[in-house]
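Proteins come first, then strands; the chains are lettered A, B, ... in the order of their sequence lines, and each starts at number 1. Quick note: numbers below take in every heavy atom, side chains included, and nothing from hydrogens, waters or symmetry partners.
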Amino acid sequence: MASISGNNPLSGPYSEGKELKQVCMASMTTTQHPSGAANYVEISDLTFMRGDRVIYKDVNIAIPKGKVTAIMGPSGTGKTTLLRLIGGQLKPDQGRIVVDGHNVPDLGRTELFEVRSKMGMLFQSGALFTDLSVYENVAFPLRVHTDLPEDMIRDIVLMKLQAVGLRGASHLMPSELSGGMARRAALARAIALDPELVMYDEPFAGQDPMAMGVVVQLIRLLNDALGHTSIVVSHDVQETASIADYIYVISGGEVIGQGTADEVLNSELPRVRQFMQGLPDGPVPFHFPAPSLEDDFLRGRSL
Amino acid sequence: MRVRTLELAVGGFMLIGLLAIIFLALRVSGLSMNASEETYRVVAKFENIGGLTVRAKVTMAGVTIGRVSNIYLDQEDFVGVVEMDIYQQFDNLSSDTSAAILTAGVLGEKYIGLIQGAELDNLVDGSEIYNTQSALVLEDLIAKFLVGRVSDEP
Amino acid sequence: MIDRIAALGRSGLELLEALGRSGMVLFHALWAWPNLRTTFPLLVKQIYAVGVLSMVIIVVSGLFIGMVLALQGYNILNRYGSEQALGQMVALTLLRELGPVVTALLFAGRAGSALTAEIGLMKTTEQLASMEMIGVDPLRRIVSPRFWAGAICMPTLALIFSSVGVLGAYAVGVLWLGVDGGSFWSNMQNSVEWGDDVLNGVIKSVVFGVVVTWIAVFQGYDTVPTSEGISRATTRTVVYASLAVLGLDFILTAVMFGEL
């Protein structure tokens, strides 16, 4: 079943037809993922528009529990938007986004904040609160969501910082951290509440190779050690492929390919191949659509 | 420690604000602490109140002893009724006190001037001042003057 | 032609939509007040940022405006031999108009633009989004304390401005130009009314404070999350807030003093 599917968004894990979808809608229980695990997040028939621009059209994605799932695709395809949809910060025009049995778009404010407390998200820029120290940043979710005494918060914060290797930097302000350190500190904050789902928004973008290696390792290690579900959104092929259990490739508002890292890397589908192997020309042309060369260059002369 | 200096600064800021409002109240607007001073109310009817306004001063011998609290038209006699609050400490104004609407300077504001009478009874809350002199209205004066001249001619 | 009308309609709709959104922001900010325990430390921090840091500019401009008023007023009043009325003129001008209005304009430039830039930067660096994902409403945590701090600080600053202005006028009028100190104060006290002049001035500055801060936090919260967006939002805050202050000042003056 875990084969690479084509352009048709209705094929893929649901290629047996719509019955499967009907079942999961009716029962709201987690269904089996092609890779064999139960699903923590299920996105079905998602359509999202921004103004007149279609970002997603009838997209189906399933995130298996306890695994690292990667969402890959060229820049500008709205991968971050997908995470925001899962987090309930944006509302889809159509479709369901079921997280741990709750359909996120239907949730009220309070329930939404409750579901979010089970999610951790690492933003592209880290998004540390600039007016709080690293320590306070990590302690922030604990203070908001728990009534733990101060010494216990301290223990948890230092533990999380130790996990990302920044225990010694707990007193620094975010402005004093390097980009890689800021992202690790943000990661410590994202896992402060031991979330069931951690979302990484472009965790590798703009990092030097060493910092990138650290983050790559951390994502895998934390996923296995803490047993949460991870979603990694990225366009860095090699790093992502090295840690992902399952990969979705998104382009032009639809899923153009999916499978395990090997399957996707060796895919014969032209659009997937072009993206994964970084070929400059292919189904996505090198040239932005333009009138033909002769027209553009010769028109001036013929006048 | 940093939080403490912050709180101190905010506390100081609030204190300065408080000082400012006290300064404005006492020194600038001359609000005395006994602002809600006891008063008693007397009324007076004038043929013409000519530009007198509410909260105008009520004086006696140039000393402020009260404020005009209300002005309205008596719809039976068609005269202007002026209610004034006199401070309680001036409780020995005689019942035949006379009231006049005066002007401070040539272009100044209108105020009421009271002149002590001779009766032994005093004005009390609700009393009326019968002896009143209306405001001088320039047009009336000019008209009177002209009419007088015309009637003198022949 | 039809395009023009359509464009007009569209901008009208956009304006309405922005008003609606800013109303929502205001509503949430107000709604968030009752949680005193967690809000209070944040509020203190914001009063520091909005009020204490604006104090230098307020005190200095108050002093100079008071001094200039005294100088100009003396020259005019002296011609009519009524320079004793200097205190009255300066105090009334400051309390009724210049205190609230100039403070509000300075406040929009100093604190309002800073608020907008700060919140806009938080939005651009995804801090607001990450706060939301942690399960904290940024309207409560970020916008509300800033809004209340503005509403509290603005009248305080206006009072300080007026007081310093009067002292500046005293310095120039009495100490330098030789107006009699006694008549300076007594004339002032005779004509300035606590309720009519001082309190109305305070009411004005409360209204200005609410409006300026509202515009500032909304522009910040509604920023297009780019560096260009922040700079545009900051400019808009200063422009809109200044226009709103001047317009509202006319309306408030008409309501408060129109009868006189």
Flag yes if more than 12 heavy atoms outside [X] fall under 6.0 Å of its [atom1] atom; otherwise flag no.
{"X": "C:L175", "atom1": "CG", "result": "yes"}
{"X": "C:E97", "atom1": "CD", "result": "yes"}
{"X": "C:Q72", "atom1": "CD", "result": "no"}

Q: Could you tell me which portion of C:L95 (side chain, backbone, both or neither) has an atom closer than 4.5 angstrom to a non-hydrogen atom of chain B?
A: side chain
Q: Work out which heavy atom in C:Q189 is nearest to a heavy atom in B:R27; give both atom names and the distance.
A: NE2-O, 2.8 Å
Q | chain B contact residues among residues 159-171 of chain C, heavy-atom distance under 4.5 Å | A | C:L159, C:I160, C:S162, C:S163, C:V166, C:L167
Please report, to 0.1 Å, the donor-acceptor pairs under 3.5 Å made by any side chain of residues 46-63 of chain C, with sequence neighbours excluded.
from	atom 1	to	atom 2	distance (Å)
C:S54	OG	C:V50	O	2.5
C:S61	OG	C:I57	O	2.2

Q. At what distance, to the nearest 0.5 angstrom, does CG of B:L26 lie from CH2 of C:W194?
A. 8.5 Å
